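In what follows, a single structure is set out as structure tokens and then discussed.
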Amino acid sequence: MADPKDVHNDITVLPDGLHVTAVGEETLLKALGRAGLRYRVGCKRGGCGVCKLHLLAGEIRYERPIAESVLSDDERVEGICLSCRAVPLTNVVVELQEGDRLRRVLGFLTTPSKGKP
Amino acid sequence: MSKVIRLGYVHLRVTDLEESRNHYSNTLGMEVVASEPGKLYLKCWDEWDHHSLVLEEGGVGLVKLGYKVESAEAMTEFESRAQRFGVTTGRFSAGENLTVGEGVRITLPSEHNIELFTEMEYAGTETGAINPEAWPRNVRGVGTHWIDHALMPCEDPGLNERFLSEVLDFKTAERVVTSMEEPEVIGTWMSCGESPHDIAFIKGPNGKLHHFAYHLEDWSSILKAGDIFAMDDVPIDIGPTRHGITRGTTIYFFDPSGNRNEVFAGLGYRVQHDFPTINWTVDHLAKGIFYHARELNDAFTSVFT
């Protein structure tokens, strides 16, 4: 089996079309954070649902069970996912919640690439 | 003073029991005193009853809170007052909760489940009751002393305040109101003894948990707790800082399922019978909650389990 560290999945973040890379077992939120981007952060442990994203393409898995009260079956069907617990299995395209933007907190260190989604 | 003695137990849902065991036992320093399939019972070193925390695997958030009451007579009186107030009550028998005697179950106007009980098996503190040392040498991690209070969101904090006051004889130590002229209650911190709060409510969705808190000795213990959270990768919501309301020093942090915990040092004043309730107007809410930053973070009003 390949070393998990060799697994790289591209995350496209709409609406801005930013690209970041998730390495190995990294969650979506962690990959954004490593790229110097801050999204809505709640409990970071899958309990509150503050960091929900819309998964438009690709596949994810959850590193821990997620409570039904946090993410309902209907939401799962719609493609809503919890970014703090979702690990991409393929390249993915996600969309922020309406009106949301990522904030650049490490802008002086990194410039995430911007390309066509 | 109320015939309710204290918050006796918190019964909490967690998504992963083993991760939670590690958090509550090794990081916070509680002792696992009993276990059943899918459930753990824990107590802090400075507590004398059998347990103060029940962890149940499956989901997140609060199952119920148990408050210990002085006597069976007082419990019956509380029950009939609750019925007159118009909320749902019920009885549970001895042994339904491990080592806990019979009691009264009350659903608050805010849909939170409260259990009143008078008996729980006595276990004794870690240091004992005869010539005790100041603290046990084998204490782990943060070394929390006891579970102190819980804060829940609810749609109508004013109604809950009236319930706790009229039915259970709690006294309002502090509250947040829209304005002094039209005092709609936005938040309420209520005491059954002399501590600044044993239960509290702020405006938000019914039935959920904002946090429950552990008492620590002082500000330096809060700082050390923060260090331990950094070492153990515990997500911190805010702090170390101070609350304006209650004057307590604090860290808000999350357990491995996202339930918010607090370490709290501060018995900064005593809520005596004639204590004048402190009012905060909502324009000063941020300072009341986080005294130094004077800004609410998004999570304070949006993260519940």
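Keep in mind it's a predicted model, so treat the numbers as computed, not measured. Chain A is the first sequence line, chain B the second, and so forth, proteins listed ahead of strands; every chain is numbered from 1.
Ring-centre distance between B:His197 and B:Phe264: below the 6.0 Å cut-off. Between B:Tyr9 and B:Tyr41, a ring centre-to-centre spacing not shorter than 6.0 Å is recorded. Here the two rings, on B:His211 and B:His149, have centers that are under 6.0 Å apart. Taking the six-membered ring where the residue is Trp, the centroids of B:His210 and B:Tyr252 are separated by under 6.0 Å.
Salt-bridge annotation for B:Glu155 and B:Lys203: absent, with no side-chain N of the basic residue lying under 4.0 Å from a carboxylate O of the acidic one.
The candidate with the highest count of non-hydrogen atom pairs below 4.5 Å against chain A, out of B:Ala299, B:Gly58, B:Pro256, B:Gly61, is B:Pro256. Most heavy-atom pairs under 4.5 Å with chain A, from the set B:Asn259, B:Asp298, B:Val60, B:Ile236: that is B:Val60. Top candidate by heavy-atom pairs under 4.5 Å with chain B, chosen from A:Lys44, A:Glu68, A:Arg40, A:Arg64, is A:Arg64.
Neither the backbone nor the side chain of B:Asn297 comes within contact range of chain A; no heavy atom of the residue lies under 4.5 Å from a heavy atom of that chain. When heavy atoms are compared at a cutoff of 4.5 Å, A:Arg85 approaches chain B solely by way of its side chain, counted from C-beta outward. In this structure, chain A has heavy atoms under 4.5 Å from both the backbone and the side chain of B:Thr15.
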